[in-house]
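Structure first, then comments.
The structure displayed is predicted, hence computed values, not measured ones.
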Amino acid sequence: MVNQQTIGDRDTRLSPEDLDALRDNLHEQRLFREEQLRQIATVASGADGPTRRGSDARTEVRDALAASARMVLADVEAALDRMAEGRYGLCHLCRRPIDRERLMIVPQARYCARCQQVREAGR
């Protein structure tokens, strides 16, 4: 469902042009994360064994970067799926439209700003 509402002073409407721009952004992010994961895998396959000083720390950082890239990639792909299904732009918790401005900044956002804050406060 494409978002076509205005709540208070916050504009939540997404025009067809907005959706095109957001889709392009998500595709670019997907390509970036896929390339990032390829580079991390290349570095990992060429890394020396654990005998090198600091190797454990590098492995830990590399693993954390790869996990983060995989997580963002999954979020991007989920957002593209929501677009294809016509469910893009609705909060997964409250089902209200996510502000247009928020989506322009974080196009893979699953939650409106209020619900995101509630989720983060609960961690």
- Backbone N/O of V118 and side chain of Y111: donor-acceptor pair under 3.5 Å: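 Such a contact is absent between Y111 side chain and V118 backbone.
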- Query: Would a distance-only check, ignoring hydrogens and angles, find a side-chain to backbone donor-acceptor pair under 3.5 Å from D24 to A21?
  - Reply: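 No; judged by distance alone, with no hydrogens or angles, the pair does not exist.
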Please examine the side chains of [Y] and [X], heavy atoms only from C-beta on, and report whether any two atoms are closer than 4.5 Å.
| X | Y | answer |
| --- | --- | --- |
| E34 | L31 | yes |
| L90 | I98 | no |
| L73 | Q29 | no |
| D99 | L103 | no |
| R110 | Q116 | no |
| L22 | M83 | yes |

- Hydrophobic cluster membership, M104 vs V76, 4.5 Å side-chain cutoff: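 Yes; tracing contacts between hydrophobic side chains, which count when under 4.5 Å, links both residues.
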- Message: Would you say R62 and T59 are linked by a side-chain donor-acceptor pair, where the criterion is simply a distance under 3.5 Å?
- Response: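 Side-chain D/A pair, T59 to R62: present.
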- Task: Using only heavy-atom distances, determine whether the side chains of Q117 and R114 contain a donor-acceptor pair under 3.5 Å.
- Result: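 Result is no, nothing qualifies.
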- Could you tell me which residues satisfy side chain to side chain donor-acceptor pair (under 3.5 Å) with H92, sequence neighbours excluded, listed by chain and number?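 Scan of H92 (side chain to side chain donor-acceptor pair (under 3.5 Å), adjacent residues dropped) gives none.
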- Item | Any residue meeting salt bridge (Lys or Arg N to Asp or Glu O under 4.0 Å) with E35, in chain and number order, not counting sequence neighbours |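 With neighbours one apart ignored, the set is R38.
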- Message: Please check if the number of heavy atoms outside E120 that lie under 6.0 Å from its CD is greater than 12.
- Response: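 For E120, atom CD is crowded (more than 12 foreign heavy atoms under 6.0 Å).
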- Message: Within this structure, what is the CD-CD distance for the pair Q108 and E77, rounded to the nearest 0.5 Å?
- Response: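 Answer for the CD-CD pair, Q108 versus E77, is 11.5 Å.
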- Roughly how far, to the nearest 0.5 Å, is CG of L80 from CG of L26?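 Going from CG on L26 over to CG on L80, the span is 4.5 Å.
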